[in-house]
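The structure under discussion appears below in the form of structure tokens.
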Amino acid sequence: SLYFIGRSTLRTIFSKSLVHFSGSLAYAILPTSIWLSAVTGSNMMIGSMFLMVALAFLLERKNIASSIFLGLALGTDQFMILIFPVIALYFLRNRQLKPVLVTILVSGAIVLPFFFYSPSKFVYDVLLFQFERPLQSNGLFSLYGLLYATTGFEIGTLYRLIIFLIPTAVSTFLFSKTKTRMLIGIAVVSALGAFLLPVDGFWNYFLLPMTMICALVPAILTRSSHAEQTSWRH
């Protein structure tokens, strides 16, 4: 995150263009980032930070450095597992297997010692806990929470997985062709995961999709400006 924001800021200083600074500004005034970074801590920040550094390197075509930080993101936040297929498919479509393997090796070096120490505890804490934990009063920002609060219906884990996997598979295929589409795909898949999968849907789970939207602001403004100039020409 700091690398991505700093890089955008430096571009603003030297290019005198507010467009390059718009992504950093959007993130700086985002209520979620203000709350999680300045008021309370959250482990959601760690994985998102490494992911943003990885994406910054990827945009600079430094794929190995990008894959190392993506591996750190995967190793520090299980939520990143959901968006890894989008990035991996982008690399594979560009016939680049090495970054995918490096990412897996880096994340494995972090995760495997904890897995081998206690496989059962690791699987429960990392994979099953969010599916089985009791619903909390402030965790209603999820499909499970909303359905239970409005109808009393408890939608099972298998059904939530199916509902998640279908649109995620489509999104992964559609949004892994270019770098810009990949950013959109990460936003879409992470938003789907935050809403559909957990029992407790906390608002801070949506930090990643909101951060990705901030990262896309410069591209959105650039495209809008280009469209406006084209319309004036015609």
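On a predicted model such as this, the values are computed, not experimentally measured, just so you know.
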Quick note, salt bridge (Lys or Arg N to Asp or Glu O under 4.0 Å) partners involving residues 89-108, not counting sequence neighbours, are none

Heavy-atom closest pair (Phe206 atom, Ala191 atom, distance to 0.1 Å) is CE2-O, 3.9 Å

OG-CD1 distance between Ser171 and Ile83, expressed to the nearest 0.5 angstrom
13.5 Å

Are Phe129 and Ile46 joined in one hydrophobic group, where the rule is that I, L, V, M, F, W and Y side chains link up if heavy atoms are under 4.5 Å apart?
no

Test applied, side chain to side chain contact (heavy atoms under 4.5 Å, CB included); reference residue, Phe50; option that passes from Thr76, Leu55, Leu70
Thr76

What's the separation between atom CG in Asn63 and atom CD in Gln96, rounded to the nearest 0.5 Å?
4.5 Å

Do Leu92 and Leu183 belong together in a cluster built from hydrophobic side chains that touch within less than 4.5 Å?
yes

Heavy-atom donor-acceptor pair, Ser66 side chain to Lys62 backbone, under 3.5 Å
no

Which residues pass the side-chain hydrogen bond (donor to acceptor under 3.5 Å, both in side chains) test with Glu154, not counting sequence neighbours?
Tyr144

Only counting residues at least two apart or in another chain, list the ones meeting side chain to side chain contact (heavy atoms under 4.5 Å, CB included) with Phe164.
Leu82, Thr168, Val189, Leu192, Leu196, Leu197

Kindly write out the residues that satisfy side chain to side chain contact (heavy atoms under 4.5 Å, CB included) with Leu146, not counting sequence neighbours, or none if the list is empty.
Phe195

Find the distance between CG (Leu101) and CG (Leu97) and round it off to the nearest 0.5 Å.
4.0 Å

Distance from Met52 atom CE to Leu208 atom CG, nearest 0.5 Å?
8.5 Å

Do you know the tightest heavy-atom contact between Ala73 and Gly47?
CB-O, 3.6 Å

Of all pairs that satisfy salt bridge (Lys or Arg N to Asp or Glu O under 4.0 Å), the ones with a partner from residues 76-91, not counting sequence neighbours:
none

Pairwise side-chain contact, Ile87 with Leu51, heavy-atom cut-off 4.5 Å (strictly under)
yes

Mind checking whether Lys177 and Leu89 have side chains closer than 4.5 Å, heavy atoms only?
no

Residues 181-203 vs salt bridge (Lys or Arg N to Asp or Glu O under 4.0 Å), sequence neighbours excluded, gives Arg133-Asp200

Quick one: salt bridge (Lys or Arg N to Asp or Glu O under 4.0 Å) pairs with a partner in residues 109-129, sequence neighbours left out?
none

With sequence neighbours left out, which residue pairs that include part of residues 66-99 fulfil the ring pair (Phe, Tyr, Trp, His ring centres under 6.0 Å) condition?
Phe57-Phe69

Which pairs would a plain distance check flag for residues 135-142, meaning a side-chain donor or acceptor within less than 3.5 Å of a matching protein atom at least two apart in sequence or in another chain?
from	atom 1	to	atom 2	distance (Å)
Ser142	OG	Gly145	N	2.9
Ser142	OG	Val199	O	3.0

Value rounded to 0.5 Å, distance of CG in Leu165 from CZ in Arg160
12.0 Å

Is there a continuous path of hydrophobic side-chain contacts, each under 4.5 Å between heavy atoms, that joins Val126 to Leu161?
no

Could you list the donor-acceptor pairs under 3.5 angstrom formed between side-chain atoms of residues 105-120 and any protein atom two or more places apart in sequence or on another chain?
from	atom 1	to	atom 2	distance (Å)
Ser107	OG	Thr103	O	3.0
Ser107	OG	Ile104	O	3.0

Quick one: side chain to side chain contact (heavy atoms under 4.5 Å, CB included) partners of Ile81, sequence neighbours excluded?
Leu74, Gln78

Taken in chain and number order and not counting sequence neighbours, the residues that satisfy side chain to side chain contact (heavy atoms under 4.5 Å, CB included) with Tyr159 are Ile155

Indicate yes or no: at least one non-hydrogen side-chain atom of Pro209 is less than 4.5 angstrom from one of Met212.
no

Do the side chains of Leu158 and Leu128 join up, straight or via other hydrophobic residues, at under 4.5 Å, putting them in one cluster?
no

Do you reckon Val170 sits in the same ILVMFWY cluster as Met182, going by side-chain contacts under 4.5 Å, direct or chained?
yes

Which heavy atom of Met80 sits nearest a heavy atom of Ser48, and at what distance?
CE-N, 3.4 Å

Are there over 12 heavy-atom neighbours, none belonging to Phe131, within less than 6.0 Å of that residue's CZ?
yes

